[in-house]
Amino acid sequence: MKLTPTIAAALAAGVFLLGAACAAEAPADGKFLAERHVAKGMKCETCHSDVAKGKIILDEKRHEVCVSCHGWYDHLVKLTPPKSEEDQNPHGQHDGNLPCTECHKGHKQGVNYCGKCHMWTFNVP
């Protein structure tokens, strides 16, 4: 796919053209993570090694670039405490260091990975 000015503009605006048909409802604020990042002045290349193909940058140990700004699970657990004693912390999970993109999709609604096995409901951005 050739990266035309129209496609580049759409990507910069956080629109995932190829996945629009399978995207779920947008978050409450109407913006997906990619749009929130663009609104903060980030360029697509901050997270993507190949913007046209949507490839996420990985470090030498194959960790996604997300951890360079958002930190590791131990840090995220502190930032996302449960709202009540019955709730769980989405980042305090037992499946190891899952890739961030297992839940957070960037250009479409996030996925409740934990909900595959558990009855927990998380609003995943």
Quick one: does [X]'s side chain get under 4.5 Å of [Y]'s, heavy atoms only?
{"X": "Arg36", "Y": "Pro125", "value": "yes"}
{"X": "Asp95", "Y": "Tyr113", "value": "yes"}
{"X": "His37", "Y": "Thr46", "value": "no"}

Which value, rounded to the nearest 0.5 Å, describes the distance between [X] atom [atom1] and [Y] atom [atom2]?
{"X": "Cys44", "Y": "His107", "atom1": "SG", "atom2": "NE2", "answer": "6.5 Å"}
{"X": "Leu76", "Y": "Cys66", "atom1": "CG", "atom2": "SG", "answer": "9.5 Å"}
{"X": "Lys40", "Y": "Cys69", "atom1": "NZ", "atom2": "SG", "answer": "10.0 Å"}
{"X": "Asn97", "Y": "Arg62", "atom1": "CG", "atom2": "CZ", "answer": "14.0 Å"}
{"X": "Cys100", "Y": "Leu33", "atom1": "SG", "atom2": "CG", "answer": "10.5 Å"}
{"X": "Gln93", "Y": "Cys103", "atom1": "CD", "atom2": "SG", "answer": "7.5 Å"}

> Among all residues two or more places apart in sequence or in another chain, which pass the side chain to side chain contact (heavy atoms under 4.5 Å, CB included) test with Lys83?
Replying inline: Asp87
>> So if I apply the side-chain contact (heavy atoms from CB on, under 4.5 Å) rule between Phe122 and each of Val111, Asn112, Asn89, which one comes out positive?
In response: Asn112
> Are His118 and His94 close enough that their ring centers fall under 6.0 Å?
Replying inline: yes
> When Ile, Leu, Val, Met, Phe, Trp and Tyr are grouped by side-chain heavy atoms lying under 4.5 Å apart, directly or through other members, which residues fall in the same group as Ile56?
Replying inline: Ile57, Val65
> Taking the hydrophobic residues Ile, Leu, Val, Met, Phe, Trp and Tyr, and joining any pair whose side-chain heavy atoms are under 4.5 Å apart, which ones share a cluster with Val67?
Replying inline: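 Hydrophobic cluster check, Val67: joined to Trp72.
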